Each structure stands twice: as C-alpha cells, then as structure tokens.
J.: 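Handing you this structure, nothing more for now.
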Amino acid sequence: MSSGETFDPRQVRLDKLARLREHGMDPYQATTFPVDHLSREITSDYDTLEGQEVSVAGRIMAMRGHGRAWFIDLHDSQGRIQCHFTEDEVGLDAFHLLTELDLGDIIGVTGVVFKTRRGEVTIQVRSFQVLAKSLQDLPDKRHGLKDVDLRYRQRYLDLLSNPEVRETFRMRSETVSFLRRFFDQRGFIEVETPVLLTLAGGTEARPFATHHNALDMDLYLRIALELHLKRLIVGGYDKVYEIGRVFRNEGISTRHNPEFTMLELYQAYTDFHGIMSLVEDMLVSVAAELLGSPVITYQGSVIDLTPPYARIDLVEQLLAKTGVRWTQIRTDQDAHQFAESLGIKTDPSLARAQVMDKIVSVVIEPELIQPTFLWHHPVDISPLAKRDPKAPELTERFELFVAGRELANAFSELNDPLDQRERFVEQQRQRLGGNQETHPFDEDFLTALEHGMPPTGGLGVGIDRLVMLLTDSASIRDVVLFPTMRPAENGP
RNA sequence: GGGCCAUUAGCUCAGUUGGUUAGAGCAUCCGCCUUUUAAGCGGAGUGUCGAAGGUUCGAGUCCUUCAUGGCCCA
C-alpha cells in the first residue's frame with residue numbers, strides 16, 4: 001500500500017506542517033496572540049464593531065473554499081465566528097498558505113467586522129497566524145462524536161464536537177461555584193481534610209488501599225469526609241464544609257463512579273431539622289441560579305424543588321406499604337422472612353437493619369420522585385447518628401430523595417462518646433460476623449468526642465448526582481469529565 | 001456476578017436468505033469556483049469487517065470463547 005501511504009491523514013498533516021515551516025510560519029512558535037474579542041461579542045456587539053478591526057483566535061471547525069475567497073469557521077471558548085479570506089486582502093503568498101490548513105488547526109486572525117449578503121456577521125481577514133497545527137482528524141462535524149467509549153477516553157474530542165457536553169460541564173462548574181458562595185454567605189468556612197487515612201470511616205464502604213513507603217504503613221483513601229469535619233467542630237469552628245473527592249472500592253454503574261465528589265457540612269447547635277431547612281434552601285437556590293426556576297425536568301419527570309419537602313417516617317411508611325411494623329421484627333431471621341414474603345431477594349449475610357434498608361430501597365425509594373425527606377433510620381445502620389429520644393432504636397437521620405434517588409444524607413450528629421464507643425463495638429461485632437461493610441473502630445475520633453462536641457447537624461450531598469439532576473443527565477459518566485475506565489487495549 | 005445489545009473506512013452509519021471484487025455521507029487528495037455556510041461541480045485513494053478458533057465449496061453475515069463499551073438485574 002505504498003501509494004496509500006501518502007494519504008495517511010497524519011502524514012498529510014505532517015507534510016503541511018513542514019511546508020508551513022518552509023514559508024516561515026512555524027505553527028508551534030507563537031507564544032501569544034493579541035486576542036481582543038471573543039466570537040460571541042463580535043456577533044452581539046455588531047452594531048458598534050461594524051467596520052472595526054478585531055483579533056480573535058480559535059479552532060478551525062469548517063472550511064469552505066471558493067477559489068480566491070475562502071470561508072473559515074473559527075470556534076473559540078464562547079462560540080463561533082465566520083472568517084472571510086480573500087486573495088486581495090491577505091495577499092497572494094499568505095492566501096496560498098490556506099491550503100496548508102486543516103480542520104482542527106488553531107489560528108489567530110485580525111480583520112474587519114462586516115456582514116455577508118446572507119447577513120452573517122463575519123471577519124474580513126487582513127492577516128492570520130497559525131498558532132497550533134492539529135495532526136489528528138476531528139470527529140465527524142455533522143454528527144459529533146457518538147462512540148461512548150471514545151467520548152469518555154478522549155473527552156476533549158467530546159467537548160470539541162458536542163456543544164451540549166460543554167454546557168453540562170459548565171453547569172457543573174457553576175453549581176460548585178454557587179454552592180461555595182451559598183455556604184460562605186451563611187458563615188461556613190471551607191476546609192480541606194486528608195485523603196490518605198489510616199482508617200477509612202464516616203460511612204460503611206470498602207476503601208482503596210495504598211502504601212506509604214517512608215513510614216512503611218498501609219493507608220486508605222477516604223470514603224467520606226465526616227470524621228475529620230466533626231473533629232473541627234470539636235475544635236471550635238461552628239460551621240464547616242468541604243467539597244472533595246471520595247473513593248469507594250465498589251462497582252461502576254450509571255450512578256456510581258469509584259471516585260466522586262461529596263459536599264459535607266457540619267453546623268453546631270442545630271439538628272437534622274435545621275439541616276432539612278438548609279437543604280431545602282440550597283436546592284431551590286441552586287435551581288433558581290442555574291435554571292432560573294424551581295421546577296425542573298429530569299428524565300421526563302417534572303420535579304418541583306420548592307420547599308417545604310415531604311417528610312416521611314420510614315417505619316410508618318413501611319407499615320403503610322406492607323402492614324408490618326418494623327420495630328416488631330426482632331431477629332435477622334424474621335427480617336429475611338419478611339423480605340422473602342415481599343418477593344425481595346436478600347444476601348443471607350445481611351443483618352436485620354440492613355435487610356430493612358434493602359426493603360425500603362425496593363418498596364419506598366423508587367416512588368419518591370418529588371423531593372422527600374425519608375427519615376427515622378434504624379440505629380444499626382446509622383452508627384454516627386443521634387438516637388431519637390422517643391424511639392432509641394431509631395435515629396434523627398434523613399435521606400433526601402429526588403427522582404427516586406438518594407441525593408443527600410444527614411443527621412443530628414452523635415456526640416455522646418460512650419454511645420459512640422458502643423456503636424463502634426457493635427460494628428466490630430458485625431464485621432467478625434462476616435459483614436464486609438462496617439464502620440471501623442476509630443479510637444482517635446472517640447478521643448475527640450470525649451473532649452466534647454456540641455450538638456451538631458451534619459449533611460452529605462452527592463455533587464455528581466446533584467449535577468445529574470440539574471443537567472438532566474442519565475449517567476454519572478455524563479457529569480464526570482474523565483470517568484474511571486478500564487485501559488483500552490490499543491490507542492489512547 | 002447474570003441477562004440483553006453493540007463493535008464494518010479517520011468520523012457517522014448501511015450491508016438482504018451465507019454467494020462474485022464490502023458500500024454511502026462527511027473528512028482526506030487532485031482540478032474548477034471572490035459573499036459561502038450540511039457551499040457546489042468533476043475526479044481519486046482509503047478496510048486485520050473488535051480478537052481468536054470453528055462450521056461450510058464459500059463467513060461481515062452462522063456457532064464458540066475472549067476483549068471493550070452500553071442498558072437492565074444482583
């Protein structure tokens with residue numbers, strides 16, 4: 001295939017690169033370009049810019065040659081602007097160099113703003129400079145990049161060719177930025193706590209393990225932010241939050257990525273009722289900020305984020321749905337029988353309260369489309385939450401469900417160090433019984449609690465799921481720029 | 001872990017009942033064209049049909065295994 005060799009797209013581009021260099025236009029030499037306008041400004045401010053000289057830079061996304069006049073569409077961060085190149089305006093030598101340009105090249109142009117016969121705002125180019133040559137073909141300009149695998153592995157191509165993807169990630173950025181403003185304005189301070197830990201606590205999940213060479217000890221990546229943020233409440237900060245990556249060594253699905261972003265906050269002298277109000281305020285505010293309305297559409301469901309949200313007692317709701325009062329089921333065996341009577345398969349190693357959690361996830365959670373606080377979780381599956389004084393087997397905890405999915409988890413934080421110690425002991429007992437997902441025994445945290453933590457309300461929000469909701473994305477991979485992937489066999 | 005689906009040119013996709021030399025659009029290359037815009041017109045090149053086995057006179061097509069991804073379930 002020796003003749004085909006000359007049509008290898010990359011080789012063609014390398015040849016063009018060499019010719020550009022021969023003509024004194026090295027595409028990789030420029031360090032700056034005096035950009036003074038964005039494409040969008042030129043279109044929106046046409047009335048004042050007509051006849052003015054502007055300089056813009058961007059990526060060539062379309063070329064339409066007409067002999068001695070070429071049209072080139074330039075895309076910059078904000079949009080698209082058409083550029084008109086004529087032999088008369090740019091000069092014969094420069095004009096001939098246009099044939100050495102390709103889709104994907106990055107150029108800077110300087111020229112005068114005008115409108116074509118068809119009425120499109122265009123730059124009549126007087127001079128241009130190649131700022132970077134692309135040696136690779138762009139995805140199909142009509143259809144964009146469709147191959148899901150490639151979209152994730154080479155996200156930059158996805159962003160280049162699919163504008164709605166750029167918009168989703170812009171919304172993600174604005175969401176996080178808004179949340180920071182929201183909490184900062186309410187007197188919270190943002191902190192950073194360690195990712196590498198000797199114990200991975202704060203929830204029940206399997207951690208990633210790694211090793212510190214100098215100290216010759218195993219470390220774990222955090223699975224939650226909780227325990228260190230509470231130490232800061234002990235330390236005298238009344239309102240703290242962290243937005244950070246957590247890591248859970250679990251399966252990958254449309255709702256799970258092994259690393260994801262959590263917002264956790266803790267506020268002293270309030271309880272889970274106070275946190276409910278805060279979450280309501282937060283959600284309706286973020287929707288208003290980003291979408292201009294508290295009413296949003298997610299995967300075909302119309303969801304109204306206007307407070308107040310429904311509050312459903314988990315035990316009462318289970319009674320209403322099944323006719324069984326959970327607190328009267330006393331043994332693991334009875335719990336499994338109950339699940340079986342409902343046609344729900346359960347892992348035999350699960351304990352009583354975990355079986356209930358499973359039943360709730362099937363019988364109740366999927367129906368919670370409108371924002372709903374599901375509260376009153378059993379103490380057995382809430383080792384860090386305060387007991388309800390009126391029902392000590394249950395806790396002052398809620399999970400917020402929207403569109404059938406858990407969006408937030410919160411409780412009145414357990415600040416009784418003796419009860420906390422007993423809870424950890426119980427978790428250890430369950431671990432010995434074969435349960436892989438139990439909370440570790442954290443003596444250092446107990447010491448912090450023994451110094452006295454004020455009554456505190458705490459909250460965790462899955463930022464990825466929040467962004468999914470706000471951007472109507474079906475998969476978490478659509479809101480994570482570079483989702484976890486198996487390495488490709490060949491290629492990138 | 002289980003089920004279903006997908007994988008064909010750089011990209012987006014066709015490909016009939018198993019039948020000759022695997023196609024289209026875009027992109028690329030050559031030629032023409034000074035207000036086009038999915039520009040147009042004329043010409044050209046482009047394939048390990050995801051991988052490995054198997055059935056068959058003959059496999060992109062049927063079978064098995066594997067890989068990667070998607071959706072659903074656990």
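Remember, predicted model here, so these are calculated numbers, not experimental data.
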J.: Just to be sure I follow the notation: if a pair is Watson-Crick (purine N1 to pyrimidine N3 plus N6-O4 or O6-N4) or a G-U wobble (N1-O2 and O6-N3), each under 3.5 Å, what dot-bracket string does RNA chain B give, with | for pairs to another strand?
T.: (((((((..((((.....[...)))).(((((.......))))).....(((((..]....)))))))))))).
J.: Give me each pair satisfying side-chain hydrogen bond (donor to acceptor under 3.5 Å, both in side chains) with a member in residues 28-39 of chain A, each pair once, sequence neighbours excluded.
T.: A:S39-A:D76
J.: Do A:V315 and A:R325 have side chains that get closer than 4.5 Å, going by heavy atoms?
T.: yes
J.: Check A:R330 with A:E393, please: is the shortest side-chain N to carboxylate O separation under 4.0 Å?
T.: yes
J.: Salt bridge check, A:E167 against A:R170: does any charged N sit closer than 4.0 Å to a carboxylate O?
T.: yes
J.: Using whole Å, what does the distance between atom P of nucleotide B:A38 and atom CZ of A:R64 come to?
T.: 8 Å
J.: Using a cut-off of 4.0 Å on non-hydrogen atoms, how would the nucleic acid contact of A:D88 be classed: base, sugar-phosphate, or nothing?
T.: base
J.: Taking ring-ring contact (aromatic ring centres under 6.0 Å, His included) as the test, write out the residues that go with A:F424, two or more places apart.
T.: A:H439, A:F441
J.: More 5' along RNA chain B: A:L138 or A:R13, using each one's nearest nucleotide?
T.: A:L138
J.: With sequence neighbours left out, what residues match A:F401 under ring-ring contact (aromatic ring centres under 6.0 Å, His included)?
T.: none
J.: Residues from residues 106-121 of chain A sitting under 4.0 Å of RNA chain B, heavy atoms only?
T.: A:F114, A:T116, A:R117, A:R118, A:E120
J.: Please name all residues satisfying salt bridge (Lys or Arg N to Asp or Glu O under 4.0 Å) with A:E87, sequence neighbours left out, ordered by chain then number.
T.: A:R68
